[in-house]
Amino acid sequence: MSKKTARDRADAIRLGLSFTFRHWARHKGWVVFILAMMMLSTAAEMFVPLFAGRLTDALQRGVAGRGDALHAFGVMTALTLGPVIFMRLGIFGIIALTLRIMQTIGREAFHRVQRFSTDWHANSFSGSVVRKITRGMWAVDLLDDVLLMGLFPAIIVLSGAMILLTVHWPVLGAAMALGSAAYIALTVFISVRVVAPAATLSNRWDTAMGGILADSIGANSVVKGFGAETREDERVGRIIAKWRNRTRRTWVFGTFGNLVQVTLLWFVRGIVTGGAIWLWWDGQASAGDVVYVLTTYLVIHGYLRDIGQHVSHLQRSVNDMEELVRMHDEPLGIEDSAGALPIIVDAGEIRFDHVRFQYGGHTTPLYEDLDVVIPAGQRVGLVGRSGSGKTTFVKLAQRLYDVTDGRVLIDGQDVRFAEQASLRSNIAIVAQEPILFHRSLAENIAYGRPNATMAEIERAATLANAHDFIARLPKGYRTLVGERGVKLSGGERQRVALARAFLADAPILILDEATSSLDSESEVLIQDAIQRLMGGRTAVVIAHRLSTVRSLDRILVFEQGRIVENGSHEQLLAIEGGHYRTLFDHQAGHGEAMLVE
């Protein structure tokens, strides 16, 4: 393994432990209680071998040793019973602590993912993100068990037992200590340098497998539409095969590592056992002393063997947690500024004040000194070829991106200094492909106003021409719509989205050509609803078909990030050779063909 890879492994362990300890710090009381119970439970095991030796010597003395034998037996019984009680109390504490931390991690991870930038979500598989979160949560469960139930008790027992052994026979104590140290060092080396890199690769393929499964299952209608089930089977099969090979490599490395560890323990046992017998042979130890040494070794052997598993599990849990921890440390991209306040939108004026904007990774800006005002209550269409800057315009108004220079103002307030939630709650959006939650129709319509009454929900649906089709459904407004609204037709989804916008009652409305791919009957119903929805609001319509902008107050024509024409439909159509006239003639010549966005 290269030095860089070794540093990466060390960083992963450091980040994972630091992440866990930060969460422990939120529950100090539980952590202290657990450590105390584990200390009481394991400390007793250090003295069991000592009294086992005394019991053996007492039994050798026959009748004269009955009292000492009974005393030693009583102490051993108490030392055996105590750990059972204290260990169970410690385990109950670990259950409470771990569940609290897992709950916190799940909530905080979801909170953070929801607030990542639009670009982050565009470049991420939702299935992979879910896998990172859930795997990281369960990794905390394993890590808590390893640290609190495994390594901490092992350190106490190993340290105490070796100290007691060294006090009686320094040479045997030293041999046991050196053997234990060598075993632990070997275990750490195998886990960190051999198994961990392989585990990291297998985890990456595990994440990829989750992502591709979610991608294929989520697009099942497309798969069926092209009869591509076999092709998708093969594609997923290739990913699973790579995951299998990487995982097999990890497991094989772990198995060979365990063989080396067991061999070293065998040598340590031979040295300690032989040393104890030699002391007895030389008359320097009684039979009880030999029993004490051998029992001590058995206790240490059990903990050493478990340490190998604990270190492996520690590394595994850190590997499983790594992607979640790194995701947790990623910058949000677009964050509320310090001292951000709720925006107050009374009228709905939108102003781009000498805006310059450049996408990350692009060498030239899309907008250069873009200066435009959309007065309150005006209905404005944005037209232009693909990539001309229409969609970016509305995303900047929503502050899904930050301007490179200049300002975007709503009712005179810079959107960068407004709370994002309050800003977006004042902007209702109806997308070209509306996304619905796999919840009831009532919940989907009321998403912008979750406290709305049923009467308000039905009124919004009526305004959106959606009430009639909803009322015909067996469960009406309680009908579940399926993932992303798959149980509804395109026109029905659009009308539900319009009802959601009606109920939100925001002063600013953004429409991304809601009728571009619908049948004529649905289009008429939706156009009728849209006209009602735009009334009394500032409306921005991203137009794919120019027939939809004829009745708007004003049209902005975009070309390569610039507004090259600005006026009403009639005014722009009168410009001979103009951009809008060219686009209009092109569509008219193709039977109202849809512009590609």
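Residues take their numbers from the sequence shown, with the count starting at 1. No hydrogens, no waters, no symmetry mates; every other heavy atom, side chains included, goes into these values.
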Measuring from atom [atom1] of [X] to atom [atom2] of [Y], what distance do you get when rounded to the nearest 0.5 angstrom?
X: Leu370; Y: Asp405; atom1: CG; atom2: CG; value: 12.5 Å
X: Arg131; Y: Asp320; atom1: CZ; atom2: CG; value: 8.5 Å
X: Met321; Y: Leu17; atom1: CE; atom2: CG; value: 8.0 Å
X: Glu322; Y: Leu15; atom1: CD; atom2: CG; value: 8.0 Å
X: Met87; Y: Phe92; atom1: CE; atom2: CZ; value: 13.0 Å
X: Leu324; Y: Trp138; atom1: CG; atom2: CH2; value: 14.5 Å

Below 4.5 Å, heavy atoms only, C-beta onward: do [X] and [Y] meet side chain to side chain?
X: Gln413; Y: Ile410; answer: no
X: Met38; Y: Ile156; answer: no
X: Thr42; Y: Phe152; answer: no
X: Thr104; Y: His23; answer: yes
X: Leu480; Y: His438; answer: yes
X: Leu400; Y: Ile334; answer: no
X: Val481; Y: Val496; answer: no
X: Leu148; Y: Thr98; answer: no

Donor-acceptor list for residues 335-342 side chains, cut-off 3.5 Å, not counting sequence neighbours:
| residue | atom | partner | partner atom | Å |
| --- | --- | --- | --- | --- |
| Asp336 | OD1 | Gln420 | N | 3.0 |
| Asp336 | OD1 | Gln420 | NE2 | 3.2 |
| Ser337 | OG | Arg416 | O | 3.1 |

Would you call the rings of Phe352 and Tyr367 parallel, tilted or perpendicular if under 30° counts as parallel and over 60° as perpendicular?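 Because their plane-to-plane angle is over 60°, the rings of Phe352 and Tyr367 count as perpendicular.
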State which residues pass side-chain hydrogen bond (donor to acceptor under 3.5 Å, both in side chains) with [X]; sequence neighbours excluded, sorted by chain then number.
X: Thr392; result: Tyr359
X: Trp24; result: Asp144
X: His362; result: none
X: Glu368; result: Arg356

Residues forming a salt bridge (Lys or Arg N to Asp or Glu O under 4.0 Å) with [X], sequence neighbours excluded:
X: Asp402; result: Arg399
X: Arg100; result: none
X: Arg244; result: none

Between Phe33 and Leu89, is the side-chain contact (heavy atoms from CB on, under 4.5 Å) condition met? List the steps.
CA-CA 9 Å; Phe33 171 78; Leu89 290 173; 4.3 Å; yes
I need the minimum non-hydrogen distance between [X] and [Y], along with the two atoms involved.
X: Leu142; Y: His313; answer: CD2-O, 3.6 Å
X: Ala397; Y: Val415; answer: O-CG1, 4.1 Å
X: Leu147; Y: Pro153; answer: O-CD, 4.4 Å
X: Ala418; Y: Ile343; answer: CB-CB, 3.8 Å
X: Ser425; Y: Ser422; answer: OG-O, 2.8 Å
X: Asn444; Y: Phe437; answer: OD1-N, 2.8 Å

Could you tell me which residues satisfy side chain to side chain contact (heavy atoms under 4.5 Å, CB included) with Ile429, sequence neighbours excluded, listed by chain and number?
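Partners of Ile429 under the side chain to side chain contact (heavy atoms under 4.5 Å, CB included) test: Gln398, Ile427, Ile510.
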- [ ] Just jot down the side chain to side chain contact (heavy atoms under 4.5 Å, CB included) partners of Gln114, sequence neighbours excluded, or say none.
- [x]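 Result, side chain to side chain contact (heavy atoms under 4.5 Å, CB included) vs Gln114: Phe110.
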Are the side chain of [X] and the backbone N or O of [Y] linked by a donor-acceptor pair below 3.5 Å?
X: Asp141; Y: Met137; answer: no
X: Ser317; Y: Leu314; answer: yes
X: Arg112; Y: His328; answer: yes
X: Ser41; Y: Met37; answer: no

Q: Please test Val430 against Arg500 for side-chain contact (heavy atoms from CB on, under 4.5 Å), starting from the C-alpha separation and ending with a verdict.
A: CA-CA 9 Å; Val430 181; Arg500 186 161 58 190; over 6 Å; no
Is there any salt bridge (Lys or Arg N to Asp or Glu O under 4.0 Å) pair reaching into residues 436-450, and which pairs are they, with sequence neighbours excluded?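 The answer is Arg449-Glu456.
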#### Entry: Within residues 20-41 or reaching into it, pairs that qualify as salt bridge (Lys or Arg N to Asp or Glu O under 4.0 Å) - sequence neighbours excluded
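Matches after skipping sequence neighbours: Arg26-Glu108.
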